[in-house]
Amino acid sequence: MYENSFPNKRFKHTSQFLQKHISTNSEILDLGIENPFTKIMKQHGFKVTNTRGEDLDINTTGIENSDANVVTAFEIFEHLLSPFTVLKAIKADKLVASVPLKLWFASAYRSKTDMRDRHYHEFEDWQFDWLLEKAGWKIIDREKWTNPTKKIGIRPILRWFTPRYYIVYAERIAQIPKS
């Protein structure tokens, strides 16, 4: 996944934000399979388990059966058809999640070779906030940051001053009853 580049800036911001809000005594369920950032969280002393690669749009059993008191979701929700369903399934009372932000003129990202590496949603910050609030979460803190690259083009130039990533720390305010 990171053959040609490693997202050092994103991982640094994400790690600092996580350490600001979550104690290393917490049990974390990280949505998605184990990845390079999972290893970074463990190096910082966090106790982390991951979901097993199941399609979370269809199967939320791993989330529902977790006893973790924190769920992390770093660049996961944009890949789901129904992130609302996943957010409702979370039993933990704390959530740290990040999403890439949409550029107003760009179509959603779509890998032609990897069916799982596609964005169904590309959020604006207010959309992600609204999704969380509707699913029973209160946003306590949020940050955005740019992600400049050394590539040539309109999109890379815009990413020098247009935020690329949005991260939130939220707490559960209401359990949404299942119907």
Side-chain angles (χ1 to χ4, degrees), residues 1-53 56 62-63 66 68-80 83 86-87 90 92-103 108-109 111 114 116-129 131-133 135 137-151 155-156 158-172:
M1 179 175 192
Y2 298 115
E3 298 85 20
N4 298 323
S5 65
F6 196 75
N8 290 314
K9 182 175 182 180
R10 176 166 55 99
F11 284 1
K12 178 182 174 192
H13 278 275
T14 303
S15 182
Q16 289 172 343
F17 191 85
L18 184 64
Q19 290 176 63
K20 177 179 174 184
H21 295 288
I22 304 301
S23 162
T24 55
N25 296 332
S26 302
E27 297 284 335
I28 296 176
L29 174 65
D30 185 34
L31 302 186
I33 60 171
E34 188 164 316
N35 59 74
F37 193 72
T38 306
K39 293 174 184 159
I40 291 171
M41 288 192 287
K42 288 178 179 179
Q43 289 169 354
H44 283 94
F46 291 103
K47 298 175 206 93
V48 183
T49 57
N50 287 79
T51 53
R52 302 188 190 279
L56 296 175
I63 298 168
S66 172
N69 55 338
V70 177
V71 168
T72 57
F74 303 120
E75 285 77 60
I76 294 295
F77 290 123
E78 68 274 11
H79 298 278
L80 299 174
V86 172
L87 287 163
I90 296 171
D93 58 355
K94 296 178 182 179
L95 172 71
V96 180
S98 62
V99 294
L101 291 171
K102 176 179 176 48
L103 276 173
Y109 171 75
S111 169
D114 184 352
R116 290 180 159 238
D117 191 18
R118 296 178 175 182
H119 292 183
Y120 187 78
H121 303 277
E122 291 208 336
F123 294 97
E124 294 183 40
D125 57 355
W126 70 267
Q127 292 171 308
F128 193 57
D129 291 354
L131 172 66
L132 291 168
E133 289 165 14
W137 295 93
K138 179 181 180 184
I139 297 170
I140 307 299
D141 193 13
R142 58 178 56 98
E143 288 181 13
K144 293 187 232 180
W145 67 91
T146 61
N147 193 47
T149 66
K150 294 183 170 131
K151 296 179 182 175
R155 195 181 299 217
L158 289 172
R159 288 300 182 197
W160 278 87
F161 56 88
T162 303
R164 174 67 176 128
Y165 295 104
Y166 181 53
I167 193 167
V168 300
Y169 166 62
E171 295 180 355
R172 171 76 65 195

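Quick note: numbers below take in every heavy atom, side chains included, and nothing from hydrogens, waters or symmetry partners. Small disclaimer: the values here were computed from a predicted structure and weren't measured.
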- Query: Tell me, do Lys9 and Thr146 make a side-chain contact under 4.5 Å, heavy atoms counted?
  - Reply: yes
- Asp129 CG to Arg142 CZ distance, which is reported to the nearest 0.5 Å: 4.5 Å
- Is there a side-chain contact between Trp145 and Ile167 (heavy atoms, below 4.5 Å)? yes
- Looking at CG of Leu87 and CH2 of Trp137, how far apart are the two atoms once the value is rounded to the nearest 0.5 Å? 7.5 Å
- How about Lys138: does its NZ atom have over 12 heavy atoms from other parts shown lying under 6.0 Å from it? no
- Could you pull out the closest heavy-atom pair between Gly32 and Ile76, with the gap in Å? CA-CD1, 4.1 Å
- Query: What is the minimum heavy-atom distance between Val168 and Phe128, and which atoms define it?
  - Reply: CG2-CE2, 3.8 Å
- One should read off an interatomic distance between Thr51 OG1 and Leu56 CG, to the nearest 0.5 angstrom, of 5.0 Å
- Message: Side chains of Ile22 and Thr72, heavy atoms from C-beta outward: is any pair under 4.5 Å?
- Response: no
- Task: Locate the shortest heavy-atom distance separating Phe74 from Val96; write the atom from each residue and the value.
- Result: CE2-CG1, 3.8 Å
- Message: Show the nearest heavy-atom pair for residues Ala92 and Ala68, with the distance to one decimal.
- Response: CB-O, 3.4 Å
- In terms of ring plane angle, is the pair Phe11 and Phe37 parallel, tilted or perpendicular, where the classes change at 30° and 60°? tilted
- Message: So Glu143 and Phe17, do their side chains get closer than 4.5 Å, heavy atoms only?
- Response: yes
- Task: Answer whether the closest heavy-atom distance between the side chains of Asn50 and Ile33 falls below 4.5 Å.
- Result: no
- Message: Return the NZ to OG distance between Lys94 and Ser23, rounded to the nearest 0.5 Å.
- Response: 7.5 Å
- Query: Is the closest side-chain heavy-atom distance between Lys47 and Ser26 below 4.5 Å?
  - Reply: no
- Taking all heavy atoms of His79 and all of Glu75, pick out the closest pair and write down the distance. CD2-O, 3.3 Å
- Would you mind reporting whether Phe123 and Tyr166 have side-chain heavy atoms less than 4.5 Å apart? no
- Between the main-chain N or O of Ile90 and the side-chain N or O of Arg172, is there a donor-acceptor pair closer than 3.5 Å? yes
- Message: Tell me if the NZ atom of Lys39 is crowded by more than 12 foreign heavy atoms within 6.0 Å.
- Response: no
- Message: Are the side chains of Gln16 and Lys20 in contact, using a 4.5 Å heavy-atom criterion?
- Response: no
- Hey, could you give me the CG/CD1 distance between Leu29 and Ile63, rounded to the nearest 0.5 Å? 6.5 Å
- Query: Is a side-chain donor or acceptor of Thr38 paired with a backbone partner of Asn35 at a separation under 3.5 angstrom?
  - Reply: yes
- If you round to the nearest 0.5 Å, how far is CE of Met41 from CG of Asp30? 3.5 Å
- Determine the minimum heavy-atom distance between Asp93 and Asn69, stating which atoms define it. OD1-O, 3.0 Å
